[in-house]
Protein chains: 2
Amino acid sequence: MVDEQTTRRRTDRDLKTALIDAGVELLRIRGADGLSLRECATMAGVSHAAPGYHFKNIMGLSTAIAARGFQLFCEAMTRRLDGAGPSPRDRLSAICHGYIDYASDHPALFLFIFSGQKFNEDDEFFCSHSERAYAILREACAPFVASGTPKEDIEVLVWSLVHGYSQLSMTRKKENPKLDRSWPDFDQLFKHLGKALTPNDET
Amino acid sequence: MVDEQTTRRRTDRDLKTALIDAGVELLRIRGADGLSLRECATMAGVSHAAPGYHFKNIMGLSTAIAARGFQLFCEAMTRRLDGAGPSPRDRLSAICHGYIDYASDHPALFLFIFSGQKFNEDDEFFCSHSERAYAILREACAPFVASGTPKEDIEVLVWSLVHGYSQLSMTRKKENPKLDRSWPDFDQLFKHLGKALTPNDET
DNA sequence: CCTCCAACTTGACAGTGTCAAGATAAGATC
DNA sequence: GATCTTATCTTGACACTGTCAAGTTGGAGG
């Protein structure tokens, strides 16, 4: 847990990131409501009050973890985008699948950042990473904005759909095979969405 | 807080509902992560361990509160449905607005029931109320299911859209008027959704 | 009147976040 | 090298939390 120089006191940044790492891991293990300052401290190999020095209170640590969450969120979307075709439709689909990747790879973190709990919205990293996530999504939506209509209509349409799908995929009760319900793949939804979207620079 | 017969010990059902009432109120005041067994007990006028007798642990109380949450959820949707026109499109729109009503009238409760925290899925009331909520939504979607396609496609499409819209309306950062972003009304999204939905028994 | 039992209360314990005060190492100054 | 300063923790305390075991109580049935 601690690197070779155990004697040497670590720098500010070291422990901060170690505590965030611990927090992400703790969420993975315990679920979206399993965060604990003291347990993060123990995992990082410091005393119970050490986190309080770097992050004023638990909201401070939560905010830093959420910032990391948004960072991973951005990475998941850009990773899909890098492997996508050039057409607006392919790119939008890639973003959506990145969104869903993130939710299924980091379920607790996903729920955590959208849990509605209060974060410190003055935090620089939190703001920049969360805004970047939304910016990525907005960019992919831009080609579908019909002239004369506000671009927010399309953005919120796509965003709501993929967010709702991700969240519901996660919280729904797992299937009882006796019931004839099955959970559709997102591509099915995207096909329907396609009827409502027309790229304004395609033939 | 206690009715006229303070001397008389209350019945099982009385305290149970009083504790659920307290829980709902507590969520309203403190937000989605502000629930506390002991505080519910105090609000209901009983000792700190009384809730443990009726609800084995905090998951038991949480489940009961979530059940109440789904009940209010159903009421919000049926209230809109009662005032809606007869066409499938009007009825589906009514359901969606009921969904949104619920999220804005009971934000903490809405976040709570979809927070991803574990509930007791064996609980009778929790299951019946949550399943009824989904049944109401499914019914409104039924007229739009194209023959030959699984009905889940439409259901999840609508459900995801309205759920995502509700949640994002709630967790998004409030507008900086300097930014030219505005939050569209759901009717705008519903218009786009309409392009993807064709009632199979309308002209 | 007595008994019994459901519905609590009381008390304890380990865990939590937060704060104040103390310790300590690394670097700066003399 | 000795002293001072400061950032970075540690220690200890407090009020709060959920959970459990044991005790109490009041009403119903005999």
Side-chain angles (χ1 to χ4, degrees), chain A residues 1-23 25-27 29-66 112 115 117-120, chain B residues 1-23 25-27 29-66 112 115 117-120:
Chain A
M1 198 73 64
V2 193
D3 53 359
E4 45 207 349
Q5 301 225 33
T6 41
T7 63
R8 169 123 176 259
R9 191 167 292 201
R10 39 180 136 200
T11 75
D12 182 354
R13 167 118 296 175
D14 281 343
L15 181 52
K16 259 183 157 170
T17 57
L19 287 169
I20 295 169
D21 290 346
E25 175 67 4
L26 199 53
L27 287 176
I29 299 171
R30 299 270 154 85
D33 56 348
L35 194 67
S36 149
L37 266 182
R38 288 173 104 108
E39 200 158 2
C40 286
T42 305
M43 289 170 75
V46 290
S47 76
H48 69 262
Y53 177 75
H54 295 284
F55 309 99
K56 184 179 152 215
N57 48 25
I58 194 162
M59 195 172 94
L61 178 58
S62 296
T63 302
I65 293 170
F112 182 73
S115 65
Q117 81 174 254
K118 288 277 160 251
F119 296 123
N120 177 12
Chain B
M1 197 76 65
V2 192
D3 51 358
E4 44 204 349
Q5 302 226 32
T6 40
T7 62
R8 169 128 175 254
R9 190 168 292 203
R10 40 181 137 202
T11 76
D12 181 355
R13 167 118 293 175
D14 281 343
L15 181 52
K16 260 183 157 169
T17 57
L19 287 168
I20 295 170
D21 290 346
E25 175 67 4
L26 200 53
L27 288 175
I29 298 171
R30 300 270 154 87
D33 56 348
L35 194 67
S36 150
L37 267 181
R38 287 174 103 108
E39 201 157 2
C40 286
T42 304
M43 288 171 76
V46 290
S47 77
H48 69 261
Y53 179 75
H54 295 283
F55 310 99
K56 184 177 153 214
N57 49 26
I58 194 163
M59 193 173 96
L61 179 57
S62 297
T63 301
I65 293 170
F112 182 74
S115 66
Q117 83 175 250
K118 289 278 161 248
F119 296 123
N120 177 13

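Quick note on labels: first sequence line is chain A, next is B, and so on, each numbered from 1. When reading the values below, keep in mind they use all heavy atoms of this one structure, side chains included, and skip hydrogens, waters and symmetry mates.
- Protein atom CE of B/Met43 is 13 Å distant from nucleotide atom P of D/dT17, rounded to whole Å.
- Contact detail for A/Ala44 and A/Leu19: the closest heavy-atom pair is CB-CD2, 3.8 Å.
- Under the salt bridge (Lys or Arg N to Asp or Glu O under 4.0 Å) criterion, A/Arg38 pairs with no residue at all, not counting sequence neighbours.
- We find that CG of B/Asp14 is positioned 14 Å from C1' of C/dA6, with the value rounded to whole Å.
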Could you walk me through whether B/Asp33 and A/Ser115 pass side chain to side chain contact (heavy atoms under 4.5 Å, CB included), step by step? CA-CA 9 Å; B/Asp33 56 348; A/Ser115 65; over 6 Å; no
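- Rounded to an integer number of Å, the gap from B/Met59 CE to D/dT17 C1' is 18 Å.
- At a threshold of 4.5 Å between non-hydrogen side-chain atoms, the residues A/Leu35 and A/Phe112 count as touching.
- We find the CG-OG distance between A/Leu37 and A/Ser62 to be 7.5 Å, quoted to the nearest 0.5 Å.
- In this structure, B/Lys56 atom NZ and D/dG18 atom C1' are separated by 13 Å, rounded to whole Å.
- As a whole-Å value, the separation of A/Phe55 CZ from D/dT8 P is 12 Å.
- For A/Leu26 and C/dG17, the CG to C1' distance is 15 Å, given to the nearest whole Å.
- Minimum heavy-atom separation, A/Met43 to A/Glu25: CE-CG, 3.6 Å.
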Its contact letters, B for base, S for sugar-phosphate only and - for none at protein heavy atoms under 4.0 Å, make nucleotides 9-16 of chain C read BBBB---S
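- Rounded to an integer number of Å, the gap from A/Asp33 CG to C/dG17 P is 13 Å.
- Between the NE2 atom of A/His54 and the C1' atom of D/dT8 there is a distance of 6 Å, rounded to whole Å.
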